[in-house]
Participant: 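Pasting a structure here, questions to come.
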2 protein chains.
Amino acid sequence: MSIKLYCFGESGHSYKVALALTLSGTEWEAIHVDFFNGETRSPEFRNNVNEMGECPVLVDGDVKLTQSGVILDYLSEKTGKFGGSTPEEKREILRWVLWDNHKLSGPGGMTRFLMNFIPEEKRPREVIAFTKARLKSAFKVLDDHLADRDFLVGDSITNADFSCCCYLFFEEPSAFVRADWPNISAWLDRIAAQPGWQHPYDLMTPAFPPRS
Amino acid sequence: MSIKLYCFGESGHSYKVALALTLSGTEWEAIHVDFFNGETRSPEFRNNVNEMGECPVLVDGDVKLTQSGVILDYLSEKTGKFGGSTPEEKREILRWVLWDNHKLSGPGGMTRFLMNFIPEEKRPREVIAFTKARLKSAFKVLDDHLADRDFLVGDSITNADFSCCCYLFFEEPSAFVRADWPNISAWLDRIAAQPGWQHPYDLMTPAFPPRS
């Protein structure tokens, strides 16, 4: 029985896991979640899948896990890949995963949602401007860290990279303007050059027609 | 040489660690950071203490760690306390720590800052209203989870509790209204009843005179 991932194409948090599964050569199948019609917030989803009302959720036989950072850690234990090789590297990976949740993908995913997936007249302009400014500070931390490194931790790709890159491959309007951040851009190219890499919309079904 | 913690009284993220250190009976000393005058965002702090420009930072001899979730995990390895006893418990603790960073303390700390620590005329009303509404959803997840449990994971206090409670003991105006969330309120009482528990402003020096 292969691993199942509750996910949807527009979800960067799901993409972290979909990418780790794919690059590790693990068999998996996507269970599409109808996020934009409220599936994750329904009582059924909260009671049976995830009380936190979020994607991704991974099911591996009897094991059901939520929170992408937990799932990435579990997969590294299972596959021996992407989790770092020393206690120091493992801590450094967790550090970037936590920072990402708090400062990068957390507000980044929300801002992308507000800028793209609600009707234009309902978009809260002040909120979008505020979070865009905060995200700029996060992009600067990431860009500075990548000035003299190929990947965020150690010499090869890890869960830290999967976590932090997850919303940066989408082409829709967002706070991230790739041309402004040369070190991040070069790092995204290195991630996309990994054997087997695929765009989020090729790994998971999007709800909306992708814009190019 | 005792453990040093870069922190300040108003920082809930620092309080997570200060509380874990105190309740584990570990000797530690606070190094006060002048956050409100920009110390964490200064080039000196970024270059010498934390490139992410954040508190807390823990220094234990040659080990320097940032991100409260990483520090809590490190302290559990060192003291054998609060980290869970099975792989399942450890994953469940990490799950709540990540959720907290993304949905609870991350936006909660920011909203508290906007509501209290900038001049009233500069407070972004639309942003505050927006994040307050989102935080209500997070409080509901926490309150529901605590309906039939004393602590978030297992039968006793863990890093999951330290992480999620960290901004909820402050008395200043915030998105959190304790009377609205009976299960959270009872859980905060259980945390405050732990031997040695102290309020954030008693463990760390605040920059502003506390309001009561």
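Reminder, nothing fancy here: chain letters follow the sequence lines and each chain counts from 1.
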Participant: Measure the shortest side-chain to side-chain distance between A:F82 and A:S76 over non-hydrogen atoms and say whether it is less than 4.5 angstrom.
Facilitator: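 With C-beta onward as the side chain, the pair touches.
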Participant: Taking the side chain as every heavy atom from C-beta outward, state whether B:F130 and B:K132 have any pair of such atoms under 4.5 Å apart.
Facilitator: no
Participant: Give the member of A:R95, A:Q67, A:K103 that has the highest number of heavy-atom pairs under 4.5 Å with chain B.
Facilitator: A:R95
Participant: Among A:E54, A:R125, A:K90, who wins on heavy-atom pairs under 4.5 Å with chain B?
Facilitator: A:E54
Participant: Could you tell me which of A:R46, A:R41, A:M110 has the largest number of non-hydrogen atom pairs under 4.5 Å with chain B?
Facilitator: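 Heavy-atom pair counts peak at A:M110.
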Participant: Please classify the contact of B:E88 with chain A as side chain, backbone, both or neither, using a heavy-atom distance under 4.5 Å.
Facilitator: neither
Participant: For residues A:S163 and A:W99, is any side-chain donor paired with an opposing acceptor at under 3.5 Å?
Facilitator: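 Per modelled atom types, A:S163 and A:W99 side chains form no pair under 3.5 Å.
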Participant: Looking at A:H102, A:E126, A:R91, which makes the most heavy-atom pairs under 4.5 Å with chain B?
Facilitator: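 So the answer, after comparing A:H102, A:E126, A:R91, is A:E126.
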Participant: Hey, does the side chain of B:E10 reach the backbone of B:F208 with a donor-acceptor pair shorter than 3.5 angstrom?
Facilitator: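 Looks like yes, one N/O pair under 3.5 Å.
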Participant: Taking the cut-offs as 6.0 angstrom to the six-membered ring centre and 45 degrees off its axis, would you call A:R112 and A:F170 a cation-pi pair?
Facilitator: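 Geometry flag: set, cation within 6.0 Å and 45°.
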Participant: Examine whether an atom of A:L65 lies under 4.5 Å from a heavy atom of chain B, and if so say whether it belongs to the side chain, the backbone or both; otherwise answer neither.
Facilitator: side chain
Participant: A:E51 and B:H145: side-chain donor and acceptor closer than 3.5 Å?
Facilitator: yes
Participant: May I ask you to name which of B:V63, B:V141, B:T66, B:V127 has the most heavy-atom pairs under 4.5 Å with chain A?
Facilitator: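 Of the options given, most contacts go to B:V127.
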Participant: Taking side chain as everything from C-beta outward and backbone as N, CA, C, O, which of these in B:L114 sits under 4.5 Å from a heavy atom of chain A? Side chain, backbone, both or neither.
Facilitator: side chain
